[in-house]
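What you are looking at is a predicted structure, and each value in this text was computed from that prediction instead of being measured.
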Number of protein chains: 2
Amino acid sequence: MTSLASGITLATTASLIGDVARANILCALSGGQALTAGELASHAGVGASTTSGHLAKLAEAGLITTLKQGRHRYYRLSGPKVAAMIETLMAASDLTPPRHRPVGPRDEALRRARSCYDHMAGRFAVELAERLEERGFLVLSDEGGYVTEAGSAFFARFGLELGAAAGRRPLCRCCLDWSERRFHIGGRLGTALFAHALGRGWVARVAGSRALRVTRTGEAALAGGLFRCEPLDRPVSAWEALTASA
Amino acid sequence: MTSLASGITLATTASLIGDVARANILCALSGGQALTAGELASHAGVGASTTSGHLAKLAEAGLITTLKQGRHRYYRLSGPKVAAMIETLMAASDLTPPRHRPVGPRDEALRRARSCYDHMAGRFAVELAERLEERGFLVLSDEGGYVTEAGSAFFARFGLELGAAAGRRPLCRCCLDWSERRFHIGGRLGTALFAHALGRGWVARVAGSRALRVTRTGEAALAGGLFRCEPLDRPVSAWEALTASA
DNA sequence: GCGATGCTTCGGCAACCGCCGAAACGATGA
DNA sequence: TCATCGTTTCGGCGGTTGCCGAAGCATCGC
């Protein structure tokens, strides 16, 4: 009776994500890269014309944005908020089945390492976060995350581009990892770490997927010394690293 | 092509919320109280039999739980995680329309004060949070929230039941308020404050709605001294206060 | 200029799903 | 015991919506 209006707005957004094809599109985009309509069609598993309709709806709802370039049309999520919403829904879906469910390696590559819009997720990201926490550079919890003084000094010396403190985007947002159920790092720090990992070759994008391939260098960085402090030969711009193709 | 599985799980949950009747049911339940099937039917705006079907689906998905009592059947959200998901989706829906939308007093009572599962939201809650922050008891930000030392002392002296530090539930989780777009307080502190506000008569539940009525006492508490430190005549158990009927 | 490619619009088909009413079930109270 | 109330199950109807293929626009390369 009351609050009918809220229910309607809630339902319209949810029903948008509630279609399998559209959900697949959003999943594909939640890697953070811009993809063409054709690529998205193959991700969605439906024809080009159908995909076009879906994309129009998503765009009208403001969940994705369009970028015309040449004869291609690139689509990307309209912002981190949308990505966060997707991950939240994902987490809630995971709690969903009270029945037994095969917890097995469903998309093992994704569980291992994947990009989550503008930062990393999966086992690799979670372990990275824990290493940093062990060394006293971070504190992560349900309540959020923050960088300690030692951490600030470390990241600064390490050459991470954290950007000015300005802007409303939080420095360190902690994300409950959908597959691992432990925390990984988001926010500006998460973005910088992702760019750094790509720049140093710790991880590499896998074409046509959110999955990331963890290189030997990446393994070594995590297992061994982690964050030796030689500066990079060439500083990596976060945006440049993130938008480079697979 | 890849990550099809993720898309499917995402879609199943989202499509569950994507129906207007079910969304209304979830909205009604997100006040935190348990409601009967009949009440939910009137909230949903559909017949009893239809509602029954919806409830079965929601329950099977693990979003709500059932409690049989006499010849009634009580339904409630299965946990704070579900409530958080709903609020997140709500927030994302709000960013949705890039077009002009009437920002007017849509459900004014709800914007003023409402319960959000186990804590308060709306203007009242936001202002309360800001008062506490001004006085240096809290720090709230995108990254999360935490209670300062002064705050700990204050809340302890004030007699808030914060519960042991144990348990995985965060003490102070900050929530972006759906209507106000500013922060309000969740987590264990949010629950304790809600119980306190109910116990002291600052706010009262409105029957059949998430809305809360702010009493004169409540106004006074907020505007004037706020948190005079006379102890309550009778300590209020959080759960007791929260589950008391309207 | 021309064809080829990428994407969108349109029309029509089919399946899904939410809705209701009638009937069955279970619990309560006289 | 029997009526009553709250809730669920069942069967059937109707609207929505996702799907495709064909045709229409753009853009690029030759």
Should the ring pair B:H184 and B:H119 be called parallel, tilted or perpendicular, given that the plane angle runs from 0 to 90° and is split at 30 and 60? tilted

Scanning both residues in full, the closest heavy-atom pair of B:A41 with B:G47 reads CB-O, 4.3 Å

Residue pair A:G218 / A:F124: nearest heavy atoms and the distance that separates them: O-CE1, 4.0 Å

Does [Y] offer a backbone N or O that forms a donor-acceptor pair with the side chain of [X] under 3.5 Å?
X	Y	answer
A:R213	A:A109	no
A:S52	A:A48	no
A:T215	A:W202	yes

Nearest heavy atom decides the nucleotide; on that basis, is B:K68 or A:T50 closer to the 5' end of DNA chain C? A:T50

If you define the side chain from C-beta out and look only at heavy atoms, does anything of B:M85 sit under 4.5 Å from B:L63? yes

Just call it for [X]: base, sugar-phosphate, or nothing, with non-hydrogen atoms closer than 4.0 Å on any strand.
X	value
A:T36	sugar-phosphate
B:A48	base
B:Y75	sugar-phosphate

5′-ward residue of the pair A:A21/A:R71 relative to DNA chain D: A:A21

Quick check on side-chain contact (heavy atoms from CB on, under 4.5 Å): which of A:I17, A:L16, A:L29, A:T65 does A:L58 satisfy it with? A:L16

Which nucleotide of DNA chain C is the first, and which the last, in the 5' to 3' direction, to come under 4.0 Å of a heavy atom belonging to chain A? C:dA4 to C:dT9

What range of DNA chain D does chain B touch, first nucleotide to last, counting atoms under 4.0 Å from its heavy atoms? D:dT4 to D:dT9

